[in-house]
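The structure displayed is predicted, hence computed values, not measured ones.
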Amino acid sequence: MQGMRRMRFPTPDQISLTDVLYALSDPTRLQIVRMLAEAGEKTCCSFEFSIAKSTLSHHFKVLRDAGVVHTRTEGTQSINSLRWEELEARFPGLLPAILGAIE
């Protein structure tokens, strides 16, 4: 694991509403969240967007930094999931309201 950068995630009390809303303000990131809500978990490579890998990585970083998404590594795969429980505890009803508005 030498040379691998460790991902950092905000603790539930560090998740701010402005950061979450900013992260969800981008259509691509909103689509990522919708897909994760439906699938539960997805690897980074299973998202089929017509954007550069570096751009997709940036979107995941914004979502992670805001506390919306958790990413864990298994081998060479990055597996993403929503931090549904933490977000629901911090901002009750926020994700269901946002996801309901885009469906």
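Linking Ile, Leu, Val, Met, Phe, Trp and Tyr whenever their side-chain heavy atoms come within less than 4.5 Å puts L36 and L56 in one cluster. Transitive grouping of hydrophobic side chains (ILVMFWY, heavy atoms separated by less than 4.5 Å) keeps V62 and L94 in distinct clusters. Cluster membership for I32 and I79, using ILVMFWY side-chain heavy atoms within less than 4.5 angstrom, is not shared.
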Evaluation steps, side-chain contact (heavy atoms from CB on, under 4.5 Å), between K42 and M35:
CA-CA 8 Å; K42 286 178 74 85; M35 294 168 88; 4.3 Å; yes
*asked:* L99 vs R34, test: side-chain contact (heavy atoms from CB on, under 4.5 Å). Steps then yes/no.
replied: CA-CA 6 Å; L99 292 171; R34 185 187 63 75; 4.1 Å; yes
Handout entry: Chi angles and distances behind the side chain to side chain donor-acceptor pair (under 3.5 Å) call for R29, H59
Key = CA-CA 6 Å; R29 292 193 291 265; H59 286 306; 3.1 Å; yes
side-chain contact (heavy atoms from CB on, under 4.5 Å) between T43 and N80, intermediate numbers included: CA-CA 6 Å; T43 61; N80 301 283; 5.9 Å; no
TODO: Step by step, work out the side chain to side chain donor-acceptor pair (under 3.5 Å) result for Q14 and T11.
DONE: CA-CA 5 Å; Q14 292 173 326; T11 61; 3.2 Å; yes
Q: Under the side-chain contact (heavy atoms from CB on, under 4.5 Å) rule, what do I98 and L30 come out as? Steps first, then yes or no, please.
A: CA-CA 9 Å; I98 290 172; L30 195 54; 3.6 Å; yes
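Side-chain atoms of P12 and E85, non-hydrogen and from C-beta on, never get closer than 4.5 Å to each other. V20 places a side-chain heavy atom less than 4.5 Å from the side chain of L87. Side-chain contact between R83 and P10: present, with at least one pair of heavy atoms (C-beta onward) separated by less than 4.5 Å. The shortest distance between side-chain heavy atoms of F47 and Q31 does not fall below 4.5 Å. Two residues are said to be in side-chain contact when any heavy atoms from C-beta on lie closer than 4.5 Å; T73 and Q77 fail this criterion.
In terms of heavy-atom proximity, P96 sits nearest to E88 at CD-OE1, 3.7 Å. A pairwise comparison of heavy atoms in A66 and A23 identifies CB-CB, 3.7 Å as the closest pair. Between D26 and T28 the shortest heavy-atom distance is OD2-N, 2.8 Å. Scanning both residues, F91 and I15, for their nearest heavy atoms gives CZ-O, 3.6 Å.
Within the 3.5 Å criterion, the main-chain N or O of K53 finds a donor-acceptor partner in the side chain of S57.
The number of heavy-atom neighbours closer than 6.0 Å to OH of Y22, taken from other residues, nucleotides and ligands shown, is 12 or below.
Atom CZ of F9 is separated from atom NE2 of H70 by 4.0 Å, given to the nearest 0.5 angstrom. Going from atom OG1 of T71 over to atom NZ of K61 covers 11.5 Å, rounded to the nearest 0.5 Å. Here the CZ-CG distance, from R90 to L17, works out to 9.0 Å after rounding to the nearest 0.5 Å.
Salt bridge present: E74 and R72 bring a charged side-chain N and a carboxylate O closer than 4.0 Å.
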